[in-house]
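Each remark here refers to the structure printed beneath this line.
These numbers come from a predicted model, not from an experiment.
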Amino acid sequence: MIGRVNDELRAAIAHAISQARDFDQLLESIVDTYFQWGRRMGPLAGPIYREIHDSASPASAHRLRLLNELMAIFLAPANRTARITTEPLLYDAAMHLVEHLGHTTFWPQPVSKKVRLQRRAVILQALHAILEVADETGR
């Protein structure tokens, strides 16, 4: 089951990414798609989160595959800019952030729209901080 829902998430993210015109829209598309997916998963969000982070569970392989696919998308020549890091640990950290704040948005109970929008904003701010490489001026 986790493989199926993870494949659904991966397909939705790939579609959202294909529509993005720039880095900001790319990040927003990924976060919004993850939140839409989380809303559909509802009470399953917590158990899925636990399974994908249990190295003894076969579900953890699905998370690793998704992480590698997302890194490949970010680093593909079509999406590559000087602003995006190539450090794999930073992608893993970014994914942990999205997964944690995302799953707690929908499990054990969905949060209010106000809190959901606040978490979305925090995730986007953090993703920029994690994935963007400073230019020559340090910005």
Side-chain angles (χ1 to χ4, degrees):
M1 181 184 94
I2 296 216
R4 189 184 87 241
V5 297
N6 210 39
D7 288 344
E8 175 188 321
L9 175 60
R10 187 173 36 264
I13 287 174
H15 176 73
I17 286 172
S18 72
Q19 307 300 310
R21 293 183 308 271
D22 59 29
F23 183 68
D24 291 336
Q25 193 175 44
L26 181 73
L27 294 180
E28 289 176 11
S29 295
I30 290 170
V31 173
D32 291 345
T33 299
Y34 188 84
F35 272 39
Q36 290 165 5
W37 176 83
R39 200 173 4 246
R40 283 193 311 277
M41 291 301 106
L44 290 175
I48 290 170
Y49 179 81
R50 284 193 305 273
E51 282 295 311
I52 64 174
H53 288 91
D54 178 358
S55 60
S57 170
S60 67
H62 293 286
R63 180 191 182 276
L64 183 59
R65 189 172 87 189
L66 180 58
L67 173 63
N68 288 329
E69 289 174 7
L70 286 172
M71 278 182 48
I73 289 167
F74 272 93
L75 298 176
N79 295 323
R80 185 77 178 114
T81 69
R83 302 182 336 153
I84 302 173
T85 186
T86 59
E87 174 54 57
L89 287 175
L90 291 174
Y91 286 91
D92 188 49
M95 193 161 178
H96 274 287
L97 172 88
V98 173
E99 290 166 342
H100 177 70
L101 289 178
H103 102 274
T104 59
T105 298
F106 303 102
W107 185 85
Q109 296 295 323
V111 299
S112 69
K113 181 177 181 178
K114 179 181 177 182
V115 172
R116 187 175 68 244
L117 291 174
Q118 178 189 28
R119 288 183 183 189
R120 178 187 183 273
V122 167
I123 289 171
L124 289 170
Q125 181 180 358
L127 289 177
H128 277 282
I130 293 169
L131 298 176
E132 287 185 297
V133 175
D135 64 18
E136 304 80 41
T137 65
R139 290 183 275 159

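- At distances below 3.5 Å, at least one donor-acceptor pair connects side-chain atoms of His53 with backbone N or O atoms of Tyr49.
- Using a 4.5 Å heavy-atom threshold, the side chains of Leu101 and Phe35 count as separate.
- Counting all heavy atoms, side chain and backbone alike, Ser60 lies closest to Ser57 at OG-O, 2.9 Å.
- Counting heavy atoms from C-beta on, the side chains of Phe23 and Phe74 come closer than 4.5 Å.
- Side chain of Trp37 to main chain of Val5: a donor-acceptor pair is present (N/O by atom type, distance under 3.5 Å, no hydrogens or angles).
- Met95 is not listed as a side-chain neighbour of Ile130, based on a closest heavy-atom distance of 4.5 Å or more.
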Could you please spell out the steps behind the side chain to side chain contact (heavy atoms under 4.5 Å, CB included) verdict for Glu99 and Ile52? CA-CA 10 Å; Glu99 290 166 342; Ile52 64 174; 3.7 Å; yes

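- Partner of Glu28 under the side chain to side chain contact (heavy atoms under 4.5 Å, CB included) criterion, out of Thr33, Leu127, Asp22, Leu124: Leu124 alone.
- Other residues, nucleotides and ligands contribute more than 12 heavy atoms inside 6.0 Å of the CD atom of Glu87.
- The two residues Arg21 and Gln25 come nearest to each other via the heavy atoms N-OE1, 2.6 Å.
- Evaluated for a side chain to side chain contact (heavy atoms under 4.5 Å, CB included) with Val98, the options Leu70, Leu27, Ile123 yield exactly one hit, Ile123.
- In this structure, Tyr34 contributes its side chain and Ile13 its backbone to no donor-acceptor pair below 3.5 Å.
- Atom CG of Leu90 sits about 12.0 Å away from atom CD of Glu132, to the nearest 0.5 Å.
- Atom CG in Leu131 sits 9.5 Å away from atom CG in Leu26 (nearest 0.5 Å).
- Residue-environment remark: CD (Gln109) stays at or below the threshold of 12 foreign heavy atoms within 6.0 Å.
- With a 4.5 Å cut-off between side-chain heavy atoms of Ile, Leu, Val, Met, Phe, Trp and Tyr, the cluster of Val111 takes in Val115.
- Note that CG of Leu64 and OG of Ser55 are 11.5 Å apart. Values are rounded to the nearest 0.5 Å.
- Leu44 is not listed as a side-chain neighbour of Phe106, based on a closest heavy-atom distance of 4.5 Å or more.
- The cluster map of Ile, Leu, Val, Met, Phe, Trp and Tyr, joined by side-chain heavy atoms under 4.5 Å apart, puts Ile30 and Leu117 in different clusters.
- The side-chain heavy atoms of Arg50 and His103, taken from C-beta on, include no pair separated by under 4.5 Å.
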Just do the side chain to side chain contact (heavy atoms under 4.5 Å, CB included) check on Thr85 and Tyr91 with the steps written out, would you? CA-CA 8 Å; Thr85 186; Tyr91 286 91; 3.8 Å; yes

Hey, mind stepping through Met71 and Asp92 against side chain to side chain contact (heavy atoms under 4.5 Å, CB included) and telling me if it holds? CA-CA 9 Å; Met71 278 182 48; Asp92 188 49; over 6 Å; no

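- Within 6.0 Å of NE2 in His15 there are 12 or fewer heavy atoms belonging to other residues, nucleotides or ligands.
- Counting heavy atoms from C-beta outward, His62 and Glu51 have side chains that stay 4.5 Å or more apart.
- Annotation: the span from Arg40 atom CZ to Leu9 atom CG amounts to 8.5 Å, rounded to 0.5 Å.
- Residues His128 and Asp24 are in side-chain contact: their nearest non-hydrogen atoms beyond the backbone lie under 4.5 Å apart.
- Minimum interatomic distance between Pro47 and Trp107 (heavy atoms only, all atoms of both residues): CD-NE1, 4.0 Å.
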